[in-house]
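Written out below as structure tokens is the structure these notes cover.
Everything numeric in this text was worked out from a predicted model, so none of it was measured.
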Amino acid sequence: SEILREQCDVMSPNAMGGVLNEQSIPQLRCRVVCGGANNQLATPSDGKRLMDRGILYAPDYVVNAGGVIQVADELHGYNFERCKAKVETIPALLSRVFKTSAERNIDTDKAATALVEERIARVLTLKSTMAPAR
């Protein structure tokens, strides 16, 4: 818990989830939170708490997308170049999350979730228009 109070530019939680919470967020002395741990926010409200403190939060499931991308690629017969090309889109996606957050005045966790939900809705709409008539 002491490390969360250290002055730094980027705090990177990489082991335990839930470290960003109502008690720890007021103690943070960083400008950015970006790490590899899953479920870094203890509750959805913690994204807003970070935003209110002026701390930029990179949602863990966006930052960690590379692992899922590789596993999904293995389903088709792993291809390093194909996988690498997809992983290299993560920074642009993260930029979209930050832009959406700013444009909609919502925290980055909500922005990432909104982008995911919008993409799922587009895919479902596309699939329904391509479904054969019964």
Side-chain angles (χ1 to χ4, degrees):
S1 63
E2 291 177 30
I3 199 161
L4 297 175
R5 294 189 294 270
E6 289 296 318
Q7 177 71 43
C8 59
D9 292 325
V10 179
M11 198 273 285
S12 185
N14 289 299
M16 293 181 12
V19 298
L20 302 172
N21 56 54
E22 192 172 5
Q23 291 75 39
S24 65
I25 291 171
Q27 297 178 36
L28 295 177
R29 296 173 56 206
C30 61
R31 298 182 323 176
V32 175
V33 173
C34 179
N38 293 326
N39 306 312
Q40 295 168 18
L41 303 179
T43 71
S45 301
D46 295 319
K48 174 96 168 68
R49 284 187 184 91
L50 288 166
M51 184 176 114
D52 290 346
R53 294 254 352 260
I55 298 171
L56 182 63
Y57 172 64
D60 52 74
Y61 65 90
V62 177
V63 173
N64 291 331
V68 173
I69 289 169
Q70 179 168 338
V71 169
D73 193 79
E74 290 172 3
L75 295 173
H76 306 288
Y78 181 70
N79 178 291
F80 175 79
E81 290 303 321
R82 180 179 58 212
C83 188
K84 181 178 177 223
K86 289 178 183 177
V87 168
E88 288 174 344
T89 67
I90 294 171
L93 177 57
L94 202 50
S95 291
R96 282 188 52 215
V97 168
F98 297 152
K99 182 178 179 186
T100 300
S101 170
E103 289 173 348
R104 299 182 190 180
N105 195 30
I106 57 177
D107 65 73
T108 55
D109 186 55
K110 281 189 177 56
T113 299
L115 291 172
V116 167
E117 289 171 346
E118 290 164 13
R119 183 171 182 174
I120 290 170
R122 284 192 309 273
V123 168
L124 291 175
T125 300
L126 180 62
K127 284 187 174 191
S128 70
T129 61
M130 297 177 69
R134 293 181 189 213

Subject >> Which atom of Ala58 lies closest to which atom of Val63, heavy atoms considered >> reply: CB-CG2, 3.6 Å
Original post:
Can you name the closest pair of heavy atoms from Ala42 and Gly18 and give their distance?
Top reply: CB-O, 3.9 Å
Original post:
Passes side-chain contact (heavy atoms from CB on, under 4.5 Å), Thr108 versus Met51? Steps please.
Top reply: CA-CA 8 Å; Thr108 55; Met51 184 176 114; over 6 Å; no
Original post:
What closest approach, in Å, do Leu28 and Leu20 show between heavy atoms, and which atom pair accounts for it?
Top reply: CD1-CD2, 4.0 Å
**OP:** Please check if the side chain of Ser24 supplies one atom and the backbone of Val19 the other of a donor-acceptor pair under 3.5 Å.
**Re:** yes
**OP:** Verify, without hydrogens or angle tests, whether Gln40 (side chain) and Gly35 (backbone) share a donor-acceptor contact under 3.5 angstrom.
**Re:** yes
Subject >> Contact check, side chains of Thr113 and Tyr61, non-hydrogen atoms, under 4.5 Å >> reply: yes
Subject >> Test item: Asn14 side-chain N/O and Gly36 main-chain N/O as donor-acceptor pair under 3.5 Å >> reply: yes
**OP:** Kindly indicate, with the supporting measurements, whether the criterion side-chain contact (heavy atoms from CB on, under 4.5 Å) is fulfilled by Asp52 and Ile25.
**Re:** CA-CA 10 Å; Asp52 290 346; Ile25 291 171; over 6 Å; no
Subject >> Option passing side chain to side chain contact (heavy atoms under 4.5 Å, CB included) with Val62 (candidates Val116, Leu93, Leu115) >> reply: Leu93
**OP:** Is it possible for you to say whether Met16 and Leu4 belong to one hydrophobic cluster, with membership spreading through side-chain heavy-atom contacts below 4.5 Å?
**Re:** yes
Original post:
How many angstroms lie between atom CZ of Arg82 and atom NZ of Lys86, to the nearest 0.5 angstrom?
Top reply: 6.0 Å
**OP:** Without swapping roles, check the side chain of Asp109 against the backbone of Asp107 for a donor-acceptor pair under 3.5 Å.
**Re:** no
Original post:
Taking all atoms of both residues into account, what is the closest heavy-atom pair of Phe98 and Tyr57, and its distance?
Top reply: CE2-O, 3.6 Å
Original post:
What residues form a salt bridge (Lys or Arg N to Asp or Glu O under 4.0 Å) with Arg104, not counting sequence neighbours?
Top reply: Glu118
Original post:
Has the side chain of Asp73 got a donor or acceptor atom that lies under 3.5 Å from a matching backbone atom of Asn79?
Top reply: yes
Original post:
Is a donor on one side and an acceptor on the other found under 3.5 Å between the side chain of Thr125 and the backbone of Ala121?
Top reply: yes
Original post:
Are Ile120 and Val97 linked, directly or through other ILVMFWY residues, by side chains that come within less than 4.5 angstrom of each other?
Top reply: yes
Original post:
Between Leu126 and Thr129, what is the shortest heavy-atom contact and its length?
Top reply: O-OG1, 2.7 Å
Subject >> Among Leu50, Val10, Ile55, the one residue meeting side chain to side chain contact (heavy atoms under 4.5 Å, CB included) with Val32 >> reply: Val10
Original post:
How far does NZ of Lys110 sit from OG1 of Thr100, to the nearest 0.5 angstrom?
Top reply: 14.5 Å
Original post:
Do side-chain atoms of Arg29 reach the backbone of Arg5 as a donor and acceptor pair under 3.5 angstrom?
Top reply: yes
Original post:
salt bridge (Lys or Arg N to Asp or Glu O under 4.0 Å): which pairs involve residues 37-46, sequence neighbours left out?
Top reply: Asp46-Arg49
Original post:
What distance do Ser12 atom OG and Ile3 atom CD1 have between them, rounded to the nearest 0.5 Å?
Top reply: 10.0 Å
**OP:** Hey, could you give me the CG/CG distance between Leu56 and Leu94, rounded to the nearest 0.5 Å?
**Re:** 7.5 Å
Subject >> Reported CD-to-CZ distance for the pair Gln7 and Arg31, which is rounded to 0.5 angstrom >> reply: 9.5 Å
**OP:** Please name the pair of heavy atoms, one in Asp60 and one in Ala37, separated by the smallest distance, quoted to 0.1 Å.
**Re:** CB-O, 3.2 Å
